[in-house]
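Read the structure below first, then the notes.
So you know, we letter chains A, B, ... as the sequences are listed, proteins then strands, and number each from 1.
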Protein chains: 2
Amino acid sequence: MKHDMATYELFFGSLSNPNRLQIIILLRAGPKNVNEICLALGFEQTMVSHNLKRLEKCGMVMVEVQGKFRFYTLNMKTITPLMELIDAHMSMYCSHVVHPDGKMCH
Amino acid sequence: MKHDMATYELFFGSLSNPNRLQIIILLRAGPKNVNEICLALGFEQTMVSHNLKRLEKCGMVMVEVQGKFRFYTLNMKTITPLMELIDAHMSMYCSHVVHPDGKMCH
DNA sequence: TTCATATATGTCAAAAACATCATATGATAT
DNA sequence: ATATCATATGATGTTTTTGACATATATGAA
């Protein structure tokens with residue numbers, strides 16, 4: 001472990017919220033500006049901006065300003081191997097933890 | 001992305017807590033029972049048990065019962081490449097986000 | 001069986017994270 | 001210069017997460 005705990009907390013915490021995860025999934029299809037994200041997901045604008053800020057802070061998205069628009073791009077270099085790793089992990093160790101309806105079991 | 005969002009939320013949420021991260025870091029040195037973890041980190045027993053349960057639920061640790069003791073083992077197969085990925089990511093994109101004193105900047 | 005040790009579980013108050021509201025900033029168009 | 005659109009920021013009430021306490025369970029010892 002190279003970094004301090006606050007760094008890991010920032011990183012994992014940024015990915016542990018359902019709205020942020022939905023934004024991430026959406027951005028896998030390509031860069032989008034804020035309003036496009038709002039429309040695609042039915043989210044309120046300020047909520048999206050707040051969450052994009054958090055994702056940007058941990059390097060998960062990058063922003064490109066185009067006039068009054070701001071296009072957000074997903075950091076594929078990280079997110080692709082990360083999701084592969086977790087998919088493999090969850091398939092192997094935790095296929096039981098989440099029910100089809102999305103609720104966890106105990 | 002193979003799994004549903006609740007699965008990712010469970011996984012990342014389990015790793016986004018400083019006490020759980022400390023437990024993970026400690027277990028990298030080898031399996032420990034609950035009381036050993038408490039003593040090593042100065043944590044209270046029930047807090048450790050609660051957090052170990054959460055880490056177990058997402059497959060990050062495994063438990064081996066030995067009499068009245070329960071030894072917890074870190075899932076190195078996942079944690080090692082995961083931490084490598086994040087170290088590389090944070091070095092490249094976010095070396096600025098955390099100050100030497102551990103506080104984030106804005 | 002009774003006691004002590006090791007750990008887990010249920011409950012709840014405090015703390016943290018969150019979404020929303022109100023507002024500010026910044027850019028383009030008129 | 002002002003209006004409008006796109007997005008960001010600050011404050012706040014609400015929800016969620018968390019750790020601590022009380023207690024339960026389970027194992028081994030006496």
Can you tell me if [X] touches the phosphate of [N], counting only side-chain N or O atoms and a distance under 4.0 Å to OP1 or OP2?
X	N	answer
B:Lys53	C:dA8	no
B:Tyr72	C:dA8	yes
A:Asn51	C:dA19	yes
B:Asn19	D:dT18	no
B:Arg70	D:dT27	no
A:Asn17	C:dC18	yes
A:Arg54	C:dA17	no

Practice task
Would you state whether a donor and an acceptor, one from the side chain of B:Gln45 and one from the base of C:dA8, lie under 3.5 Å apart?
Solution key: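 A donor-acceptor contact between them is present.
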Between [atom2] of [N] and [atom1] of [X], the distance in whole Å:
X	N	atom1	atom2	answer
A:Phe43	D:dA6	CZ	P	20 Å
B:Asn33	C:dT5	CG	P	15 Å
A:Asn35	D:dT4	CG	C1'	14 Å
B:Leu52	C:dA6	CG	P	16 Å
B:Lys57	C:dT9	NZ	P	11 Å
A:Lys32	D:dA6	NZ	P	16 Å
A:Glu44	D:dA6	CD	C1'	14 Å
A:Phe69	C:dA27	CZ	P	13 Å

Exercise for the section: Compare every heavy atom of B:Tyr93 with every heavy atom of A:Gly59, then report the nearest pair and how far apart it is. Expected result: CA-CB, 4.1 Å
Exercise for the section: Report the nucleotide, chosen from C:dT20, D:dA8, C:dA27, that has the shortest atom-to-atom distance to any side-chain atom of A:Ser49. Expected result: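 The answer is D:dA8.
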Handout entry: 5' precedence on DNA chain C between A:Val65 and A:Arg20 (nearest-nucleotide basis)
Key =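 Comparing both residues, the 5'-ward one is A:Arg20.
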Practice task
By nearest nucleotide on DNA chain C, pick out whichever of A:Thr46 and A:Gly13 is the more 5' one.
Solution key: A:Gly13
Exercise for the section: Take B:Val63 and B:Phe71 through the side-chain contact (heavy atoms from CB on, under 4.5 Å) test and state the conclusion after the steps. Expected result: CA-CA 6 Å; B:Val63 64; B:Phe71 282 85; over 6 Å; no
Residues [X] and [Y]: side-chain donor-acceptor under 3.5 angstrom:
X	Y	result
B:Thr7	B:Glu9	no
A:Asn51	A:Arg20	yes
B:Ser49	B:Gln45	yes

Practice task
Flag yes if A:Leu21 and A:Leu85 sit in one hydrophobic cluster, no otherwise; membership is Ile, Leu, Val, Met, Phe, Trp, Tyr, and two members link when side-chain heavy atoms are under 4.5 Å apart.
Solution key: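 Looking at the clustering, A:Leu85 is in the same group as A:Leu21.
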Handout entry: Sugar-phosphate only, base, or nothing, as touched by B:Met47 at under 4.0 Å among non-hydrogen atoms
Key =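 B:Met47: backbone/sugar contact only, no base atoms under 4.0 Å.
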Handout entry: Aromatic ring of A:His50 stacked on base six-ring of D:dT9, 5.5 Å, 30°
Key =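 Yes, A:His50 stacks on the base of D:dT9.
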